[in-house]
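Take a look at the structure set out below.
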Amino acid sequence: MSAFRSDITNGVAVITFDLPGSPVNTISTSVATEFGAVLDEAERNPSVRAMVLISGKRDSFVAGADIEQFGRLTSQAEAEAMSRQAQAMMDRVEGLLKPIVAAIHGACLGGGYELALACDWRVATDHDKTQIGLPEIQLGIIPGAGGTQRLPRLIGVRAALDLILAGKSERASKALRLGMVDELVPPSTLRATAIHAAQRLADRGASERRPGGGIAGALLDRTPIGRRIVYSRARQTVLKKTGGHYPAPLAALEVVQAGLEHGMPSGMREEHRRFGELAVGDVSRKLVQIFFATTALKKDDGVEGAAPADLPPVRRLGVIGAGFMGAAIAGTAALNARVEVRLKDAELERVGRGIKSAIRVLDDRFKRRRLSKPEHARLSQLVSGGTDWSGFRRADLIIEAVFEDLDVKRAVLAEVEQETSGHTVFASNTSTIPIADIAGESSRPEQVIGMHFFSPVEKMPLLEVIPHAGTSDESVVRAVRFGRRMGKTVIVVRDSPGFWVNRILLPYMNEAGVLLAEGVPVDLIDGVITRYGFPVGPVTLLDEVGLDVASKAGAVMHQHFGARLEPAPVLQRMLDDGRQGRKNRRGFYRYENGDKKGVDETVYKALGVQPLDDAAPTMVEQRLIYAMLNEAAMAAGEGVVRSARDGDIGAVFGIGFPPFRGGPLRQIDDLGPARVVEVLHGLEIAHGERFKPAAHLVEMAERGESFY
Ligand code: 3HC
């Protein structure tokens, strides 16, 4: 079956790209060949004066090169050839003797946008689904079909680098403002407008584009000296952001530079050379695996076998507890799931504050122009609240975010069961209390579940959904699907202490505490971990989470897991000294006007230690990381996560485990379970039984198994 069909309207060949059997259009070798033949034919046909390229898919234009192909690449030369072929396809489009217009609705990403860039004119729909950009960096590669060359020439080097180096995609309105597309229309007129534009181009040819950017544009984008400043600044930003772990952004910068300073052919050569190098590199392999894991999770409802049929979506959400978490859950639900949300708390004043802070989530989007004024007004009206149960009876899902105390949560659940109808699912946003305990006295235990959100809810991409043994499949599917509508990547985890994310985090945080108690300096601990690739180190995290909260969570874990997770005494010493972390501006670090400053040197006195000046960074890193790897292996062996994929996604999205390492389980596979066991044995001898290798890991090593 063919991926393209062509029909001629008033002298314009409208070429519809509709890849058979695929949810989105992607570009592969066979597509490129077929497209070439379609173009040849349109060019030869005397009744065709111009062309329009449009998608036959409902909500996407072209999603880029076929990422599946990357996994099959076996050599750099092969990857390079792939990029060369994609470049040739775009060159062919650019070199057409007849004008061609891209009609864009939905995702226009990577190779898809590079295709649009090679066209003479770009019309896009002003629709939520339309997103345009070059996300290749997020896959550890660079645009490999001429994007590094055409985009800076179209919109200026500063704007192009801003997009390419971050792998950003933009909504249609911003894309128009930047000059990435030329016209914006509603979906209903896309085709007609594109045909009209094609006819206009055939009649009058293309008009000169005026370069934008004002004086800054003239000085910085269009002079060699100005550009040198731009490259140098971009380089600094990249180095700071990637810590040298991700090679693609620097490569992209160098390729853009090569093209602008030495001409397009030179830029194209560099582009396919660097693309080839990166596409078979380890970082790209890991990031591509994460892409496919995330995509697979979008379709995974979290139950064995098929999800129960005809499950109506959640239309109304109730949130109990209008504090920090509850309000953020309410705001994020209104923003992304666009459902009515009713907030409840004991006092009217708290409800009022909760609604305000829920709406702040929407305000923030509005300020960043991700939400229009009418949308903002409409979504704000979805959030309401009160002190009684009105509005809760019709709720399909109720999330409680009250005080972290079993009796309080049980009492809330009992009341909910009295006040609501039989179909309502009750989800607890607990981070430490077993869901089975909360459901212990429930009259509808099959409708009780855990939904563990991470703070700040509106930003953190992960959600853990936790069924207890008696939760029904329907409730699981409800919670998972709703979490997804809230914009989260959802993993379903077993009801055991700490669930997955806090379980693997805690031994690592604890080890940081032990290191602090030994006198290892705060900045050394955080430094080795950020160099390893985490966004923040464990001591900073303690300050952020709050020492009181961390200490409570630590106690719960200690109770369940015993001596292995005995809390280091430092947290208590900090609390005794009145230090709760950022929240009271007294922690391991100094805080001034809301900003984190350097280490608070007085903290060592509070800890009762002399900071060491000879602590070995490699040993510090090993102790912290192996504490996490060991716990991850142990929990995975117990079946806390359903698959290694879920475990790694949870670690990457929940705690910022370095994506280029793929996740803790992938990391164990890379190191080899036998090697990990060996290192843990060494640590056990040197530092105690808490490093005893997990039985599961030892078995894996003996059997020569791996997680993947
Ligand atoms: N290659 C292969 N498969 C792709 C794909 C791609 N570029 N983009 C999407 N898909 C597949 C997904 O794997 C999924 O497949 P499945 O149904 O068999 O599991 C299906 O399309 C639907 O995708 P989603 O579930 O993600 O659907 P959404 O509607 O949520 O999102 C999307 C659609 C925004 C297009 C999202 O899939 C996406 O971001 N895709 C990746 C875009 C991208 O990174 N493009 C750059 C590719 S690299 C490149 O172009 C190199 C070039 O410079 C040479």
Side-chain angles (χ1 to χ4, degrees), residues 3 17-32 55 57-73 78-91 104-118 127-151 163-164 166-171 248 251-252 255-256 268 271-280 284-285 287-301 336 461 481 484-485 487-490 645:
F17 184 6
D18 193 353
L19 190 63
S22 167
V24 296
N25 289 322
T26 55
I27 301 169
S28 59
T29 310
S30 58
V31 163
S55 163
K57 304 294 180 200
R58 228 186 80 167
D59 281 327
S60 65
F61 175 68
V62 182
D66 180 357
I67 303 173
E68 302 256 5
Q69 279 193 327
F70 299 172
R72 294 193 288 270
L73 292 170
E78 219 178 282
E80 221 180 286
M82 185 171 143
S83 168
R84 263 205 310 268
Q85 188 194 35
Q87 288 179 342
M89 170 177 168
M90 307 313 164
D91 287 349
I104 303 163
H105 171 68
C108 173
L109 299 171
Y113 183 50
E114 293 175 293
L115 178 55
L117 279 171
H127 189 275
D128 275 354
K129 290 274 177 191
T130 299
Q131 44 167 327
I132 304 169
L134 297 173
E136 283 87 343
I137 291 291
Q138 297 190 22
L139 296 169
I141 52 173
I142 61 172
T148 61
Q149 305 305 306
R150 291 193 178 94
L151 188 61
L163 282 164
I164 296 172
K168 260 199 278 189
S169 48
E170 300 289 2
R171 283 161 57 112
V255 171
V256 167
M268 288 292 204
E271 186 185 83
H272 64 238
R273 189 177 72 76
R274 302 303 290 272
F275 178 94
E277 212 173 84
L278 293 163
V280 292
S284 174
R285 290 254 145 102
L287 297 182
V288 166
Q289 281 156 356
I290 290 175
F291 168 76
F292 281 118
T294 314
T295 307
L297 278 168
K298 286 187 195 169
K299 284 197 286 274
D300 188 338
D301 286 326
N336 292 333
R481 288 192 183 159
R484 247 187 335 246
R485 281 171 66 202
K488 304 297 165 201
T489 294
V490 186
R645 173 201 75 187

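The residues of the chain are indexed from 1 along the displayed sequence. In each ligand, atom 1 is the first atom listed, and ligand 1 is the first ligand listed.
Partners of T130 according to the side chain to side chain donor-acceptor pair (under 3.5 Å) rule, which considers only residues two or more places apart in sequence or in another chain, are T125. Under the rule for a side chain to side chain donor-acceptor pair (under 3.5 Å), the partners of R484 that lie at least two apart in sequence or sit in another chain are D301. Scanning for ring pair (Phe, Tyr, Trp, His ring centres under 6.0 Å) contacts around H272 gives an empty result, with sequence neighbours left out.
The pair D91-R150 meets the salt-bridge criterion, since a charged nitrogen lies less than 4.0 angstrom from a carboxylate oxygen.
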List ligand 1's nitrogen or oxygen atoms that come under 3.5 Å of a protein nitrogen or oxygen, with the partner atom and distance.
from: ligand 1; atom 1: 1 (N); to: A65; atom 2: O; distance (Å): 3.4
from: ligand 1; atom 1: 1 (N); to: I67; atom 2: N; distance (Å): 2.8
from: ligand 1; atom 1: 7 (N); to: A63; atom 2: O; distance (Å): 3.1
from: ligand 1; atom 1: 7 (N); to: A65; atom 2: O; distance (Å): 2.9
from: ligand 1; atom 1: 17 (O); to: K299; atom 2: NZ; distance (Å): 2.7
from: ligand 1; atom 1: 19 (O); to: K299; atom 2: NZ; distance (Å): 2.2
from: ligand 1; atom 1: 26 (O); to: K298; atom 2: NZ; distance (Å): 2.6
from: ligand 1; atom 1: 30 (O); to: K298; atom 2: NZ; distance (Å): 2.9
from: ligand 1; atom 1: 45 (N); to: A63; atom 2: O; distance (Å): 2.9
from: ligand 1; atom 1: 50 (O); to: A65; atom 2: N; distance (Å): 2.8
from: ligand 1; atom 1: 50 (O); to: G111; atom 2: N; distance (Å): 2.8
from: ligand 1; atom 1: 53 (O); to: E114; atom 2: OE1; distance (Å): 2.7
from: ligand 1; atom 1: 53 (O); to: E136; atom 2: OE2; distance (Å): 2.6
from: ligand 1; atom 1: 53 (O); to: G144; atom 2: N; distance (Å): 2.9

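Taking NZ from K129 and SG from C108, the interatomic distance works out to 15.5 Å, rounded to the nearest 0.5 Å.
Without hydrogens or angle criteria, S284 side chain to V280 main chain gives no donor-acceptor distance under 3.5 Å.
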